[in-house]
Amino acid sequence: MEANRPRIGLALGSGGARGFAHIGVLRALEKAGIHIDFLAGSSMGALVATMYGVGHSIEHMERFAKLFKNKFYLDFTVSRQGLIAGDKIESLVRILAKQKTFKELNKEVRVVATDLLTGNRVILADGDVAKAVRASMSIPGIFVPVKWGDQLLVDGGVVERVPVSVAREMGADIIIGVDVSFFRSHLKTSSIHEIVMQTMDIMGRELARKQKEQGDIMIRPIIKHSSPLDFSETEKLIEQGEQACQNVLPEIKDRMKQWR
């Protein structure tokens with residue numbers, strides 16, 4: 001790592017399909033020549049962070065995002081713990097992660113989950129990447145929780161929607177947070193999916209208020225509501241992420257100059 005530049009941490013937040021906007025942010029940063037040293041992710045942010053950490057190019061990540069469909073993760077189950085077993089998404093992530101462990105990644109990555117038994121934040125940084133991402137994406141009430149040692153893990157967004165504090169703990173000098181939440185005042189339907197996701201958005205809004213001072217720079221790419229389970233507008237989301245990042249590039253570069 002170059003001693004004459006700050007270490008950059010990228011904290012990618014939860015938000016379901018809206019999390020594909022993270023890819024646009026990464027594209028803008030790469031175009032600007034800004035090197036990312038650390039990545040921390042919650043839920044969909046964990047998936048994008050680990051894909052980048054594995055070494056997938058932005059172009060490959062874009063192709064994957066545009067082809068992603070609900071059927072890739074929908075494996076309904078009869079369980080008191082959730083509606084979706086989660087085995088399909090874990091298998092998909094394992095392929096994308098090339099069956100790697102955290103220590104085998106090209107970049108330092110942390111995945112955030114929540115322990116249902118204690119209510120504590122859990123930072124996953126060792127072992128199977130696919131299982132960790134699966135745990136971080138386990139929306140309570142929708143996905144069956146993941147057993148991890150003596151912990152029972154669910155979505156990282158429950159405790160830290162945009163894990164800026166994790167990026168700071170990793171040693172980043174400058175932290176760029178990406179918040180892909182969007183709170184709406186009216187529900188179109190009252191399905192269990194909509195209710196749970198609205199609840200997550202409400203919790204995320206409150207957590208984000210407390211995180212404003214923790215992240216050096218916060219990018220908010222989502223300009224209108226879209227369902228976290230709607231993967232039909234992925235290309236637009238990626239473009240929004242890139243544009244939102246471009247808007248703050250002068251601030252990022254100014255922070256880097258000030259660090260010197």
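For this chain, numbers begin at 1 and follow the sequence in order.
- The CG atom of Leu47 lies 12.5 Å from the OG atom of Ser42; values are rounded to the nearest 0.5 Å.
- A distance-only check finds a donor-acceptor pair linking the side chain of Lys107 to the backbone of Ile36 [under 3.5 Å].
- Under the 3.5 Å distance criterion, the side-chain polar atoms of Glu160 are left unmatched by any main-chain donor or acceptor of Arg121.
- Between Leu26 atom CG and Ile34 atom CD1 the span is 11.5 Å, to the nearest 0.5 Å.
- When the side-chain contact (heavy atoms from CB on, under 4.5 Å) test is applied to Ala172, the partners found at least two apart in sequence or on another chain are Phe38, Ile175.
- A search for salt bridge (Lys or Arg N to Asp or Glu O under 4.0 Å) contacts involving Asp173 returns Arg7, not counting sequence neighbours.
- Not counting sequence neighbours, the partners of Ala97 by the side-chain contact (heavy atoms from CB on, under 4.5 Å) test are Val54, Val129.
- The ring-ring contact (aromatic ring centres under 6.0 Å, His included) test applied to His35 returns no partner, not counting sequence neighbours.
- Here the side chain of His22 pairs a donor or acceptor atom with the backbone of Gly13 at under 3.5 angstrom.
- Side-chain contact between Glu90 and Met137 is absent, with no heavy-atom pair separated by less than 4.5 Å.
- The salt bridge (Lys or Arg N to Asp or Glu O under 4.0 Å) test applied to Asp115 returns no partner, not counting sequence neighbours.
- Residues that satisfy the side-chain contact (heavy atoms from CB on, under 4.5 Å) test with Asn106, not counting sequence neighbours, are Lys100.
- Residues that satisfy the salt bridge (Lys or Arg N to Asp or Glu O under 4.0 Å) test with Glu104, not counting sequence neighbours, are absent from this structure.
- One finds the CG atom of Leu29 at 6.5 Å from the CG atom of Leu10 (value rounded to the nearest 0.5 Å).
- To the nearest 0.5 Å, the span separating CD1 on Ile23 from CE on Met44 amounts to 8.5 Å.
- Here the side chain of Arg94 pairs no donor or acceptor atom with the backbone of Gln99 at under 3.5 angstrom.
- The closest side-chain heavy-atom distance from Pro221 to Leu237 is not below 4.5 Å.
- Here Gln243 pairs with Asn247 under the side chain to side chain donor-acceptor pair (under 3.5 Å) rule; sequence neighbours left out.
- Ring geometry for His56 against His60 counts as parallel: the plane angle stays under 30°, on a 0 to 90° scale with 60° as the upper cut.
- Residues meeting the side chain to side chain donor-acceptor pair (under 3.5 Å) test with Gln246, sequence neighbours left out: none.
- Distance alone, capped at 3.5 Å, is enough to place a donor-acceptor pair between the Ser136 side chain and the Ser43 backbone.
- The side-chain hydrogen bond (donor to acceptor under 3.5 Å, both in side chains) contacts involving residues 24-34 comprise Arg27-Glu62, Arg27-Glu242, Glu30-Tyr52, Lys31-Glu242, where partners must be two or more places apart or lie in separate chains.
- Every residue two or more places apart in sequence or in another chain that forms a side chain to side chain donor-acceptor pair (under 3.5 Å) with Ser138 is listed here: Arg134.
- Under the side-chain contact (heavy atoms from CB on, under 4.5 Å) criterion, Ala132 pairs with Phe102, Val111, Leu124, Trp148, not counting sequence neighbours.
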